[in-house]
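Since the structure comes first, as structure tokens, the remarks are kept for the end.
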Amino acid sequence: GAVVSQHPSRVICKSGTSVKIECRSLDFQATTMFWYRQFPKQSLMLMATSNEGSKATYEQGVEKDKFLINHASLTLSTLTVTSAHPEDSSFYICSASLGAGVRETQYFGPGTRLLVL
Amino acid sequence: AQSVSQHNHHVILSEAASLELGCNYSYGGTVNLFWYVQYPGQHLQLLLKYFSGDPLVKGIKGFEAEFIKSKFSFNLRKPSVQWSDTAEYFCAVKGWYGGATNKLIFGTGTLLAVQP
């Protein structure tokens, strides 16, 4: 149980284009999903918290106009990297939370490797 | 602000050796504690978690962790490692204050290599 998928697993795009990454909770409903970025040999850094039916909450330093997040249903959140540049190349990971309050646990997707040329 | 430190960046063990990975956090309030594992080419998987109650938590694949509140620690242990335990291990902490949760903060990870 608690399986989270991401699509695509890897994407290569030209500078200036937009890329959409999907995150789905396959066997549970997730009111809250999270988007992380992982740099090589570093830990996961939270980019934003996505709540179903409301605007995402972005972490300090994350441009909300560049990283558009939509959480239209309890099983799907999307991250769109707009006008991507080479410095946006990274590994993007989503998670979906199961349980509520003090019992909340995040389950992670397999990640999407983005390379911007 | 919350922070998590994992002291060992790389650990190399022979099969059947015992494992202990350190994790310390800084946060004065109530915490939820997690260990995640990332096997080569795979995504983060939950190994075990602590919310409350018995500070000794048992997880999957023979792993356990002990929450020592006075030391702000949540070390991961396994009595006898296998080659298949080769992976990167992340400690994560989520703090609670005033009924609201803080975000999940990850340590920098420990890369474990088990030699057959």
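Values in this document were obtained by computation on a predicted structure and should not be read as measured data. By convention in this document, chain letters (A, B, ...) are assigned in the order of the sequence lines, proteins followed by strands, and residues within each chain are numbered from 1.
If you take OG1 on A/Thr105 and OH on B/Tyr36, they are separated by 6.5 Å, rounding to the nearest 0.5 Å. A distance of 7.5 Å separates CD1 in B/Ile105 from CE in A/Met45, rounded to the nearest 0.5 Å. The distance from the SG atom of A/Cys94 to the NE2 atom of B/His43 is 10.0 Å, given to the nearest 0.5 Å.
B/Phe34 is connected to A/Ile93 through a chain of hydrophobic side-chain contacts under 4.5 Å among Ile, Leu, Val, Met, Phe, Trp and Tyr, so both are in one cluster. Placement of B/Tyr25 and B/Leu47 within a single hydrophobic cluster is found when ILVMFWY residues are connected by side-chain heavy-atom separations under 4.5 Å, directly or transitively. Hydrophobic clustering of Ile, Leu, Val, Met, Phe, Trp and Tyr side chains at less than 4.5 Å, counting indirect connections, unites A/Met47 with A/Val19. Hydrophobic clustering of Ile, Leu, Val, Met, Phe, Trp and Tyr side chains at less than 4.5 Å, counting indirect connections, unites B/Tyr39 with B/Leu76. Note on B/Leu33: it clusters hydrophobically with B/Leu21, by side-chain heavy-atom contacts below 4.5 Å among ILVMFWY residues.
Under the 6.0 Å cut-off for aromatic ring centres, A/Phe108 and B/Phe106 qualify, their centroids lying closer than that.
Nearest heavy-atom pair across A/Glu104 and B/Phe51 is O-CZ, 3.5 Å.
No part of B/Glu88 comes within reach of chain A, as not one of its non-hydrogen atoms sits under 4.5 angstrom from that chain. Residue A/Leu46 touches chain B through its side chain alone, counting heavy-atom pairs closer than 4.5 Å. Only the side chain of A/Glu59 comes within less than 4.5 Å of a heavy atom of chain B; its backbone N, CA, C and O stay farther away. Residue B/Leu46 touches chain A through its side chain alone, counting heavy-atom pairs closer than 4.5 Å.
Under the 3.5 Å distance criterion, the side-chain polar atoms of A/Ser43 are matched with a main-chain donor or acceptor of B/Gly107.
Side chains of A/Tyr107 and B/Gln45 form no contact here, defined as non-hydrogen atoms less than 4.5 Å apart. A/Gln38 has its side chain within reach of B/Gln38: a pair of non-hydrogen atoms, C-beta onward, lies under 4.5 Å apart. Taking the side chain as every heavy atom from C-beta outward, A/Tyr36 and B/Leu104 approach each other to under 4.5 Å.
Atom CD1 of B/Ile12 is surrounded by 12 or fewer heavy atoms from other residues, nucleotides or ligands within 6.0 Å. The number of heavy atoms from other shown groups lying within 6.0 Å of NZ (A/Lys66) is above 12. Residue A/His7 qualifies as open at atom NE2: its count of foreign heavy atoms under 6.0 Å is 12 or below.
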